[in-house]
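Reviewing the structure listed below.
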Protein chains: 2
Amino acid sequence: MMFSKACEYGIRAAVYIALQSLDGRRVSVTEIAEEIDSPIAFTAKILQQLTRNNIVNSVKGPTGGFEIDREEMDNVKLNMIVKAIDGDKIYKGCGLGLKECDAQKPCPLHDKFVDIRTDLSRMLKSTSLFELATGLEIGMTFLKR
Amino acid sequence: MMFSKACEYGIRAAVYIALQSLDGRRVSVTEIAEEIDSPIAFTAKILQQLTRNNIVNSVKGPTGGFEIDREEMDNVKLNMIVKAIDGDKIYKGCGLGLKECDAQKPCPLHDKFVDIRTDLSRMLKSTSLFELATGLEIGMTFLKR
DNA sequence: TTAAAAAAGGATAAAATTGTCCTTTATTAA
DNA sequence: TTAATAAAGGACAATTTTATCCTTTTTTAA
């Protein structure tokens with residue numbers, strides 16, 4: 001609706017990893033894909049991007065898997081994940097697809113979009129993985145179906 | 001960013017048609033594509049959808065083209081165009097891609113998205129083609145580049 | 001030191017979206 | 001009535017996104 005499929009999987013995966021890391025558990029791609037109901041290999045690709053962007057930590061070999069440090073859960077905000085996967089078109093792009101669209105030369109929807117985008121942006125910048133993981137932990141929210 | 005390319009072109013085309021209809025001019029696909037800087041044949045397809053959904057009126061043959069009745073410009077709101085082209089996933093779909101995501105079984109972002117989506121939905125439902133066309137007419141806004 | 005486990009990465013494939021081309025249908029004006 | 005004009009529609013092509021498969025690299029524990 002707003003994010004690419006890759007980004008949706010990425011956020012869900014990150015939240016799941018955070019949740020398990022709270023219990024000190026590392027998780028494999030297979031487990032993640034199972035738990036967030038996503039295609040395994042595709043999810044693996046997305047996790048590579050998150051790893052390269054230092055959003056999650058990966059460890060190879062037996063007992064390896066993905067994890068997120070407790071402090072990183074506070075530092076990592078949703079906008080970082082979105083940016084790592086979808087780039088910054090959500091923030092920059094014109095709602096009607098104009099190449100240049102700004103206050104100087106606005107598309108007909110420019111002003112109306114500014115408000116909505118500002119809200120979205122603020123929300124993404126202020127929502128941490130920790131916050132989302134704890135919502136899951138207490139059974140208030142879900143990552144599947 | 002939020003709409004498909006098809007939908008972006010559709011909105012721009014509709015606004016341009018409305019603008020010209022204010023002067024009593026019918027416009028051809030070729031002119032529309034030129035003026036909104038979009039691929040001709042693809043734009044033609046999109047205009048077919050708008051025509052089938054009674055958002056614009058089409059007339060075949062010489063002197064034919066696309067037009068919008070003055071009263072229709074008030075009646076047609078952006079949400080109607082978006083629905084005709086992108087369907088209602090903008091309104092219904094879960095931000096994280098869950099098949100069922102509602103107050104009963106929300107994804108971790110559900111509540112945060114509700115507000116943003118409500119604003120977006122309200123904006124689309126309350127913005128008429130006439131409003132957008134007049135902004136263009138007085139040179140306040142643009143459809144190209 | 002070796003077998004097994006797990007992520008990384010490369011090469012494709014499938015599906016969806018975007019875009020083009022060409023023929024058909026309708027309509028108008030000469 | 002006919003030639004020209006314009007939308008409608010069908011078939012296909014290109015691109016992007018989503019998804020799969022298989023090999024390589026790293027690491028652990030036995």
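Per chain, numbering begins at 1; letters A, B, ... match sequence-line order.
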Between B:V59 and B:V27, is there shared hydrophobic-cluster membership here, with clusters defined by ILVMFWY side-chain heavy atoms closer than 4.5 Å?
no

In whole Å, what is the span from the CG atom of B:L50 to the C1' atom of D:dG9?
16 Å

Can a salt bridge be assigned to the pair A:D37 and B:K99 using a cut-off of 4.0 Å between side-chain N and carboxylate O?
yes

Could you tell me whether B:K105 atom NZ has more than 12 heavy atoms of other residues or ligands within 6.0 Å of it?
yes

Once you apply a heavy-atom cut-off of 4.0 Å, does B:T30 come out as touching a base, just sugar-phosphate, or nothing?
nothing

Crowding at NZ, A:K77 (>12 non-hydrogen neighbours, <6.0 Å):
yes

Expressed in angstrom and rounded to an integer, what is the separation of A:E31 atom CD from C:dA5 atom P?
16 Å

Connecting only ILVMFWY residues whose side-chain heavy atoms lie within less than 4.5 Å of each other, what is the rest of A:I138's hydrophobic cluster?
A:M140

Set of residues satisfying ring pair (Phe, Tyr, Trp, His ring centres under 6.0 Å) with respect to A:Y91, sequence neighbours excluded:
none

Respond yes when some side-chain nitrogen or oxygen of A:Q48 is under 4.0 Å from OP1 or OP2 of C:dA7, and no when none is.
no

Within a radius of less than 6.0 Å around NZ of A:K5, do more than 12 heavy atoms belonging to other residues, nucleotides or ligands occur?
yes

For B:E67 and D:dA7, what is the distance between atoms CD and C1' respectively, to the nearest whole Å?
13 Å

What residues 53-64 of chain B contributes to the DNA chain C interface at heavy-atom separation below 4.0 Å is B:K60, B:G61, B:P62, B:T63

Under 4.0 Å protein heavy-atom contacts per nucleotide of nucleotides 12-23 of chain C, with B for base, S for backbone only and - for none:
------SBBB--

Reckon B:R26 touches a base, only the sugar-phosphate, or nothing at all at heavy-atom distances under 4.0 Å?
nothing

Rounded distance in Å - CG (A:D86) to C1' (D:dT18):
13 Å

Donor-acceptor contact below 3.5 Å, side chain B:T127 vs main chain B:L124:
no

Minimal non-hydrogen separation, B:I36 against B:A13, with atom names
CD1-N, 3.7 Å

Below 4.0 angstrom, which residues in residues 92-100 of chain B have at least one non-hydrogen atom near DNA chain C?
none

Could you state the CZ-P distance from B:R25 to D:dA6, rounded to the nearest angstrom?
12 Å

I'd like to know whether A:L50 forms a side-chain contact (heavy atoms from CB on, under 4.5 Å) with A:I17, so could you lay out the CA-CA distance, the side-chain angles of the two residues, the decisive distance to 0.1 Å, and finally the verdict.
CA-CA 12 Å; A:L50 296 186; A:I17 295 167; 5.9 Å; no

Contacts of B:R26 that satisfy salt bridge (Lys or Arg N to Asp or Glu O under 4.0 Å) - sequence neighbours left out:
B:E67

